[in-house]
Amino acid sequence: MTKMIAGQALVKVLEAWGVDHLYGIPGGSINHTVEGLYLEKDKIQYIQVRHEEVGALAAAADAKYTGKVGVAFGSAGPGATHLFNGLYDAKMDHVPMLALVGQVPQPTMNTNYFQEMDETPMFSDVAVYNRTATTAEQLPYMVNQAIREAYRQKGPAVVIIPEDLSATEIDYEPVKTPNTVSNTYTQTIDPAAVTATLDLIKDAKHPLIYAGRGLLGARDELVKFSEQFHIPVLNTVPATGVIPTDHPNAIGTFGRLGSKSGFEALQHTDLILFLGSEFPFAQFWPKNIKIIQVNDNSFDIGKMVPIDYAVISDAKSYLQAMIATGETLPETDWLRANRQNKQNWNTWLVQQADDDSKGLAPEAVMKKVASMVGPKDTYGVDTGNVSEWSVRGLPMDKQQRFVLSGLFATMGYGLPAGLAGALSVPDGQAWSFSGDGGFAMVAPDIITEARYALPVINVVFSNRRFGFIYREQVDTKQHLYGVDLTDADWAKVAEGLGGIGFTVSNNAEVEDVFDQIKDLQAKGNRKPIVVNAVIKDDDPIGTAFMPLDAKLYGQEMVDAYAKTSHIDPKAQPALGELLRAKGDNL
């Protein structure tokens, strides 16, 4: 045993779990935990953020990038409340996270002391583990148990630390931690489930895979299964990259953030293989289809949509069992038509990118980014219209990693996630993508990227409004109120915060600026970069409802939609037309 303050001992527990960095801001009620970080500074990096929310969001993003627990801390009172956004993001997206929360010294608790709050009930809804330490000696044990629970339950754990306890000297004995906490095993699948679902797939005329985050890390199995059974693949937005974006069987995603090919495939499918997801918008799928749901959490089975057959299993093991049957299905006109539909959609996106006659298209920025990303780059994506442009334009064909605030969908996520990418995946280039609304919430932490020499490339799409909400107000015929934004020169802001700033407003400037950025990279730049992309006011095309099939919606609706969406039905024929041309009369 070794004598040390409990604040140092709990940091040693973090080290034993492989934590190499964490985020936070010092405060009177967390100072001896910070002292522990100082004493262990050669083994764990403390990242001083400018807002605890940024630290918590970055910690959640760390977990999404790597699967390892992300860690943030805050002092009592306001420091604690600022952590909530990141904690709820981790809860909703089921990733392991630890929050170390300061508390006033025990003798002053329950006395209406400065910054005192009853913090345990405050975290009761969000945390999978939520305890307040009562002795200094138990702090290492509690942190160890909190991390175990964060991994076991895939969510945020909270340890509340009265300041006098972390300052107390204890006898510390190193804790033992598991060598692995990830789900690397192959689950045994009931042969009856394999047989039954195989029969359902064989009976289907238009089967479709809908893949969720539960298949991240199972790309090879998903590709093999899709190719063996010749089934097109949709994915949820948070699962972007679960299948390579350039794979011919990958046809995009469904909903407002999706693709024409994704929307139309759902209109014509008769069987969905719903894998590793609790997709909240499944309730909007067509009602007359069969659904096989595979999920390792029985609570998620049928939670969002009625299903016909349930397999309680991790999705990777299920696919392995299906592949092992040796069964195969022939390539069909259904698959070929979906492939063609996705190719047509990709062509249309390129056309949008190339036309800057009415202002810069965000697709042009994404097209240029896609041409220069590396195989291990990370993408931190904010919430809003920027999510649409990112899902549709960022390549995920190598080992790139894509994170966003999936189910919680908080704004201000892009920059913290870019910061986390630079720290968690240092051998790749870190990118962040934000709208001007989301970026304004967290922009001061460009200082953090500069302080720690993290050359994140932060792309800000500036259109002077909350674009996603603007479109909702238009669609629901409300008054446009509260959605306009006062403009800011984000390039100059970046320079004032220690970074490098550029502004682009047309395609020629995009080419020139990103070529300059490549030159900076080649010269070993260590400063953060902000690209202020001043884009045209047009909304990104919504893909939640795309009436382009005259047989389904009538020619009048098709013509009206083509006029407002700027989609040429001849160049972008409906999936139904492609199928009927192949003799499939649906």
Side-chain angles (χ1 to χ4, degrees), residues 192-212 222-236 243 247-255 258-275 277 279 281-294 302 305-311 315 318-319 321-323 325-345 543 545-553 572-586:
V194 173
T195 301
T197 54
L198 189 56
D199 287 343
L200 286 169
I201 293 170
K202 288 179 177 179
D203 289 342
K205 188 176 182 181
H206 296 156
L208 186 64
I209 297 167
Y210 211 109
L222 180 57
V223 168
K224 173 64 176 172
F225 177 81
S226 173
E227 293 174 349
Q228 186 171 323
F229 290 91
H230 290 100
I231 304 176
V233 180
L234 282 175
N235 60 266
T236 63
I243 185 169
H247 192 282
N249 291 359
I251 58 172
T253 191
F254 163 73
S259 59
K260 172 180 179 288
S261 48
F263 167 77
E264 292 185 328
L266 272 168
Q267 307 316 302
H268 295 292
T269 186
D270 56 0
L271 173 72
I272 293 178
L273 192 53
F274 190 26
L275 304 174
S277 174
F279 182 55
F281 302 109
Q283 59 187 292
F284 298 113
W285 290 350
K287 306 302 181 186
N288 58 339
I289 56 177
K290 291 183 178 180
I291 300 175
I292 301 168
Q293 186 172 7
V294 181
V305 63
I307 57 99
D308 296 273
Y309 196 96
V311 182
Y318 170 78
L319 290 184
M322 294 291 283
I323 292 166
T325 65
E327 297 266 8
T328 187
L329 293 175
E331 184 176 305
T332 61
D333 287 338
W334 163 247
L335 177 60
R336 286 187 283 267
N338 276 285
R339 286 173 173 172
Q340 183 61 55
N341 202 27
K342 182 57 162 53
Q343 290 172 7
N344 292 344
W345 170 254
T543 53
F545 181 61
M546 303 186 74
L548 286 166
D549 191 335
K551 184 176 179 180
L552 294 180
Y553 306 108
Q572 286 279 329
L575 176 62
E577 291 183 29
L578 296 174
L579 288 167
R580 290 189 289 273
K582 296 178 181 295
D584 186 338
N585 293 316
L586 311 177

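The first residue in the sequence is number 1, and the count goes up from there.
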State the [atom1]-[atom2] distance between [X] and [Y], to the nearest 0.5 angstrom.
X	Y	atom1	atom2	value
I231	L271	CD1	CG	7.5 Å
I201	L273	CD1	CG	5.0 Å
W345	Q340	CH2	CD	15.0 Å
F284	F254	CZ	CZ	8.0 Å
Q267	L548	CD	CG	11.5 Å
T543	F263	OG1	CZ	9.0 Å

Q) Between F545 and Y553, does the ring centre distance come in under 6.0 Å? A)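 Centroid separation for F545 and Y553: below 6.0 Å.
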
Q: Kindly state each residue pair satisfying salt bridge (charged side-chain N to carboxylate O under 4.0 Å, His left out) with at least one member in residues 326-337, sequence neighbours excluded.
A: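 Listed by first then second residue: K202-E327, E331-R336, E331-R339, D333-R336.
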
Quick check: closest heavy atoms across [X] and [Y], and the distance to 0.1 Å?
X	Y	value
G252	S259	CA-OG, 3.6 Å
G212	T236	CA-OG1, 3.7 Å
P306	I291	O-CD1, 3.6 Å
K260	M546	CA-SD, 3.4 Å
L275	A315	CB-CB, 4.2 Å
P232	N338	CG-ND2, 4.1 Å

**Q.** Salt-bridge criterion met for D584 and K205 (N-O under 4.0 Å)
**A.**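 A salt bridge is present here (some side-chain N lies under 4.0 Å from a carboxylate O).
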
Is [X] reaching over with its side chain to a backbone N or O of [Y], donor-acceptor style, under 3.5 angstrom?
X	Y	result
T325	M322	yes
E264	L575	yes
S277	A211	no
T253	N235	yes
H230	L329	yes
D308	I292	no
W334	P207	yes
T269	A265	no

(Q) I'd like to know whether I272 forms a side-chain contact (heavy atoms from CB on, under 4.5 Å) with L266, so could you lay out the CA-CA distance, the side-chain angles of the two residues, the decisive distance to 0.1 Å, and finally the verdict. (A) CA-CA 9 Å; I272 293 178; L266 272 168; 3.4 Å; yes

Q.
Between Q228 and I323, does the side-chain contact (heavy atoms from CB on, under 4.5 Å) criterion hold? Intermediate values first, please.
A. CA-CA 7 Å; Q228 186 171 323; I323 292 166; 3.4 Å; yes

Q: Just jot down the ring-ring contact (aromatic ring centres under 6.0 Å, His included) partners of F281, sequence neighbours excluded, or say none.
A: F279

Q. Any side-chain heavy atom of I307 sitting closer than 4.5 Å to one from V305?
A.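 A side-chain contact exists here, since the closest heavy-atom pair is under 4.5 Å.
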
Q) Less than 4.5 Å apart, any side-chain heavy atom of L234 and any of I251? A) yes

Q: Would you sort out whether H268 and D549 count as a side-chain contact (heavy atoms from CB on, under 4.5 Å), showing the intermediate values?
A: CA-CA 11 Å; H268 295 292; D549 191 335; 4.0 Å; yes

Q | Set of side chain to side chain donor-acceptor pair (under 3.5 Å) partners for Q283, sequence neighbours left out | A |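 For Q283 there are no side chain to side chain donor-acceptor pair (under 3.5 Å) partners, ignoring immediate neighbours.
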
Q: Decide side-chain contact (heavy atoms from CB on, under 4.5 Å) for I209 and I243; before the verdict, give the C-alpha distance in whole Å, the side-chain angles of both, and the deciding distance to 0.1 Å.
A: CA-CA 11 Å; I209 297 167; I243 185 169; over 6 Å; no

